[in-house]
Participant: 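This is the structure I have questions about; it appears just below.
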Amino acid sequence: MSENFKLLKKDGEARRGELVTVHGTVQTPLFMNVGTVGAIKGAVSTEDLENIGCQVELSNTYHLHVRTGDDLIKRFGGLHRFMDWHRPILTDSGGFQVFSLASMRKIKEEGVTFRSHIDGHRIFMGPEESMRIQSNLGSTIAMAFDECPPAKAERNYVLDSVARTERWLLRCKAEMERLGLLEDTINRKQLLFGINQGAVYKDIRIENAKRISELDLPGYAIGGLAVGETHEEMYDVIEHTAPFLPEDKPRYLMGVGTPANILEAVERGIDMFDCVYPSRNGRHGHLYTHYGKININNAKYAEDDRPIEEGCGCPACRRYSRAYIRHLHKAGEMLGLRLCVLHNLYFYNHLMEEIRYSIDAGEFAAFKKKTLADLSSTER
RNA sequence: UCCUCAAUAGCUCAGUCGGUAGAGCAUUCGGCUGUUAACCGAAGUGUCGUAGGUUCGAGUCCUACUUGGGGAG
């Protein structure tokens, strides 16, 4: 049994677990709230996150390195102290930016050269650089530096890319071990998670999963999904790959996804999620409810006196009407964005709580079926 | 009273040499999956102030009128 992860119960392939870290223990399955630059976009404070029931906050290595600088954050005692958030933080390695900033980077064996998206200056990041930055940030969980190939990537490219990402993983592990011994390292118990890749090629995914599992890392992620493939392809990859990741380690599906995606992935043995959807869609006025998504900008809500979702305990639903929130959006008021983001984050964290209860009760399959049906309902 | 400038989409305005109209915003709807995203995309909307005239053809040139801005008295 891993010292950091306790698998409490299985209900089919769905898992209830507990992840123990130096920043506290969190309950899985869980959703991590994406705050790329050390803030959830939409004027959401760490106090808000606590009130909403957020267990883990996620930030980004590349973005914090470019602005304001991980060295500065280290001088503040790390990201936890800098942003005054004391529950776990997971830092993404910058690997996703290899994908999302594809037009401004060049990949080599040593690492990746980026053009800064801020001012165009040259930035080199390889496994060691990513580990050092994440060490400076002092995050609870550091992600391995990987390449995230697009879904449509050709098989031979993916084979080369995955092999390189595996070599990078060994370098990440070595650098992490070295940093863990240094006197001035902020979090010497930082957990390194490896990342499975292989696009939609199941055999590549499986072979990669087997090899990285041998490294006995404290957690493993499935990356490179939700980047252009269909939902069916994504579920298929998860279903066939997850069994080859260690049973006694947390499994994190990176960047996913919709409430339905999460239910399907939990059913296939995933424990951790993150996605920009609740925050980004919130800013864009798209709100999640148990009865489907609503676009608060739609004219039909102009005189709707109901809350976003009846019975929701979020700060927006406890006080404000759809009509008022729509008005705020239309007026370009930041409060409109904020209330929508708070609602969506609450919805996601609350959904995870419901998932955990249902697994505890051994009723996940029924819960999933009912929730999926409700989510596709047209009653708003 | 005279001189002058203007009048085109809901709003603010483009509109070439005369060839039957466009933009931004607004409106309506859609998209966003380890955030380059309070973003991006699509759609709808016109008696071109009114009435005449010139011309094969007028938003465009001419005349009168209406309304508004500025100026003179």
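Each chain gets a letter, A, B and so on, in the order the sequences are listed, and its residues count up from 1.
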Participant: Counting only side-chain nitrogens and oxygens, does A:Lys41 get under 4.0 Å of the OP1 or OP2 atom of B:rA37?
Facilitator: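 The answer is yes; a side-chain N or O of A:Lys41 sits under 4.0 Å from OP1 or OP2.
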Participant: Report the distance from atom OH of A:Tyr320 to atom CG of A:Leu328, rounding to the nearest 0.5 Å.
Facilitator: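 So the OH of A:Tyr320 and the CG of A:Leu328 are separated by 8.5 Å.
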Participant: State whether A:Asn281 places a side-chain N or O below 4.0 Å from either non-bridging phosphate oxygen (OP1 or OP2) of B:rU33.
Facilitator: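 Checking A:Asn281 against B:rU33: no side-chain N or O falls below 4.0 Å of OP1 or OP2.
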Participant: Regarding A:Ser103, tell me which of base, sugar-phosphate or nothing describes its non-hydrogen contacts under 4.0 Å with the strands shown.
Facilitator: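 Answer is base: heavy atoms of A:Ser103 come under 4.0 Å of a base.
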Participant: How do A:Arg326 and A:Asp92 order along RNA chain B: which one's closest nucleotide is nearer the 5' end?
Facilitator: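 It is A:Arg326 whose nearest nucleotide is closer to the 5' end.
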Participant: Measure the distance from CD on A:Glu264 to P on B:rU33 and round it to the nearest whole Å.
Facilitator: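 Interatomic distance, CD of A:Glu264 to P of B:rU33: 19 Å.
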Participant: Going by the angle between their ring planes, with limits at 30° and 60°, are A:Tyr288 and A:Phe347 parallel, tilted or perpendicular?
Facilitator: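 The arrangement is parallel - the two ring planes meet at less than 30°.
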Participant: Any base atoms under 4.0 Å from A:Gly224, or only sugar-phosphate, or nothing? Heavy atoms, all strands.
Facilitator: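 Counting heavy atoms under 4.0 Å across all strands, the contact made by A:Gly224 includes a base.
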Participant: So A:Tyr62 and A:Phe114, would you call those rings parallel, tilted or perpendicular, with 30° and 60° as cut-offs?
Facilitator: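 Ring orientation of A:Tyr62 relative to A:Phe114: tilted.
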Participant: Which whole number of Å gives the distance between the P atom of B:rA21 and that of B:rC48?
Facilitator: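 It works out to 11 Å between them.
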Participant: Base, sugar-phosphate or nothing for A:His329? Non-hydrogen atoms, less than 4.0 Å.
Facilitator: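 It contacts nothing in the nucleic acid.
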Participant: Say we look at B:rC29 and B:rU66: how far apart would their P atoms be, to the nearest angstrom?
Facilitator: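 Result for the P pair: 44 Å, nearest Å.
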Participant: Under 3.5 Å, is there a donor-acceptor pair between the side chain of A:Thr185 and the main chain of A:Leu181?
Facilitator: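 It does not hold such a pair.
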Participant: On a whole-Å scale, what distance lies between the P atoms belonging to B:rU12 and B:rA64?
Facilitator: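 Each nucleotide's P atom is 28 Å from the other's.
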Participant: Between B:rG24 and B:rC17, how far is it from one P atom to the other, in whole Å?
Facilitator: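 Going atom to atom, P in each nucleotide, I get 24 Å.
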Participant: With respect to the phosphate group of B:rU28, does any side-chain polar atom (N or O) of A:Lys330 fall under 4.0 Å of OP1 or OP2?
Facilitator: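 The answer is yes; a side-chain N or O of A:Lys330 sits under 4.0 Å from OP1 or OP2.
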Participant: What's the gap between B:rG44 and B:rG22 when it is taken at their P atoms, as a whole Å value?
Facilitator: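 That atom pair is separated by 12 Å.
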Participant: Could you give the distance separating B:rG34 and B:rU47 at their P atoms, to the nearest angstrom?
Facilitator: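 Result for the P pair: 46 Å, nearest Å.
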Participant: Measure the distance from CZ on A:Phe273 to C1' on B:rG34 and round it to the nearest whole Å.
Facilitator: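 Between C1' of B:rG34 and CZ of A:Phe273: 13 Å.
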Participant: Counting the atoms with a prime plus P, OP1 and OP2 as sugar-phosphate, which does A:Asp274 contact under 4.0 Å by heavy atoms, base, sugar-phosphate, or nothing?
Facilitator: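 Sugar-phosphate contact only.
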Participant: Using the six-membered ring for Trp and the full ring for Phe, Tyr or His, decide whether A:His286 stacks on the six-membered base ring of B:rC32 (centres under 5.5 Å, planes under 30°).
Facilitator: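 No, A:His286 does not stack on the base of B:rC32.
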Participant: Given B:rG34, B:rU36, B:rC29, identify the nucleotide with an atom nearest to the side chain of A:Val276.
Facilitator: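 Comparing B:rG34, B:rU36, B:rC29 against the side chain of A:Val276, the answer is B:rG34.
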Participant: Can you tell me the distance, in whole Å, between the CZ atom of A:Phe114 and the C1' atom of B:rU35?
Facilitator: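 Computing the A:Phe114:CZ to B:rU35:C1' distance gives 14 Å.
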Participant: Under 4.0 Å between a Lys/Arg side-chain N and an Asp/Glu carboxylate O for A:Lys173 and A:Glu177?
Facilitator: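 Salt bridge present between A:Lys173 and A:Glu177.
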Participant: Would you mind checking if A:Asp70 and A:Lys74 are paired as a salt bridge, meaning a charged N to carboxylate O distance below 4.0 Å?
Facilitator: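 Between A:Asp70 and A:Lys74 there is no salt bridge, as every charged N stays at least 4.0 Å from the carboxylate O atoms.
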Participant: Can we say A:Glu264 and A:Arg268 salt-bridge, meaning some charged N sits less than 4.0 Å from an Asp/Glu carboxylate O?
Facilitator: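 Looking at A:Arg268 together with A:Glu264, the answer is yes, because their closest N to O distance falls below 4.0 Å.
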Participant: Can you tell me how far C1' of B:rU35 sits from CG of A:Leu337, to the nearest Å?
Facilitator: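 Whole-Å distance recorded here is 15 Å.
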Participant: Looking at A:Arg280, does any N or O in its side chain come under 4.0 Å of the phosphate oxygens OP1/OP2 on B:rU33?
Facilitator: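 It does, given that an N or O in the side chain of A:Arg280 lies less than 4.0 Å from OP1 or OP2 of B:rU33.
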Participant: Expressed as a whole number of Å, how far does the C1' atom of B:rC2 sit from that of B:rU60?
Facilitator: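 One C1' to the other, the span is 28 Å.
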Participant: Nearest 0.5 Å, please: how far is CG in A:Leu49 from CD1 in A:Ile40?
Facilitator: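 Answer rounded to 0.5 Å: 4.0 Å.
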Participant: For atom C1', what is the distance between B:rG68 and B:rG19, given to the nearest Å?
Facilitator: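 Looking at atom C1' only, B:rG68 and B:rG19 are 32 Å apart.
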Participant: Nearest-Å distance, CE (A:Met143) to P (B:rG34)?
Facilitator: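 Rounded to whole Å, this separation is 13 Å.
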Participant: B:rA37, B:rC29, B:rG34: which one has an atom nearest the side-chain heavy atoms of A:Met254?
Facilitator: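 In terms of side-chain proximity for A:Met254, the closest of B:rA37, B:rC29, B:rG34 is B:rG34.
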Participant: Is A:Leu253 touching bases, backbone alone, or none of the nucleic acid, heavy atoms closer than 4.0 Å?
Facilitator: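 It contacts nothing in the nucleic acid.
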Participant: Distance check needed: B:rA37 P versus A:His284 NE2, whole Å only.
Facilitator: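 In whole Å, B:rA37 P and A:His284 NE2 are 10 Å from each other.
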Participant: Is there a donor on the side chain of A:Gln197 or the base of B:rG34 sitting less than 3.5 Å from an acceptor on the other?
Facilitator: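 In this structure, the two groups form a donor-acceptor pair.
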Participant: So how far is it from A:Leu191 CG to A:Thr140 OG1, rounded to the nearest 0.5 Å?
Facilitator: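 Here the interatomic distance stands at 7.5 Å.
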Participant: Quick one: does A:Asn60 reach the base of B:rG34 with a side-chain donor-acceptor pair under 3.5 Å?
Facilitator: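 There is none.
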Participant: Measure the acute angle between the ring planes of A:Phe99 and A:Phe96, then classify it against the limits of 30° and 60° as parallel, tilted or perpendicular.
Facilitator: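 It falls in the tilted class, 30° to 60°.
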Participant: What's touching nucleotides 40-43 of chain B from the protein side, N or O pairs under 3.5 Å?
Facilitator:
none

Participant: What is the distance, to the nearest angstrom, from the CG atom on A:Asn196 to the C1' atom on B:rG34?
Facilitator: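 After rounding, the gap between these two atoms is 14 Å.
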Participant: Can you figure out which of B:rU28, B:rU35, B:rU33 approaches the side chain of A:Ala226 most closely?
Facilitator: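 Nearest to the side chain of A:Ala226 among the choices is B:rU33.
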Participant: Rounded to the nearest 0.5 Å, what's the gap from CH2 on A:Trp85 to NE2 on A:His23? Could you check?
Facilitator: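 Result: 11.5 Å between the selected atoms.
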Participant: Can you tell me how far P of B:rA38 sits from CE of A:Met334, to the nearest Å?
Facilitator: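 Whole-Å distance recorded here is 12 Å.
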Participant: For residues A:Arg205 and A:Gln197, determine if any side-chain heavy atom of one lies less than 4.5 Å from a side-chain heavy atom of the other.
Facilitator: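 They are in side-chain contact.
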Participant: Looking across every strand, which nucleic acid part, if any, lies under 4.0 Å from A:Asp146 by heavy atom: base, sugar-phosphate, or nothing?
Facilitator: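 Base contact.
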Participant: On RNA chain B, check which nucleotide each of A:His117 and A:Met234 is closest to and give me the residue with the more 5' one.
Facilitator: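 The residue mapped nearer the 5' terminus is A:Met234.
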Participant: Tell me, what's RNA chain B's dot-bracket, Watson-Crick or G-U with both distances under 3.5 Å, | for other-strand, [ ] crossing?
Facilitator: (((((((..((((.....[..)))).(((((.......))))).....(((((..]....)))))))))))).
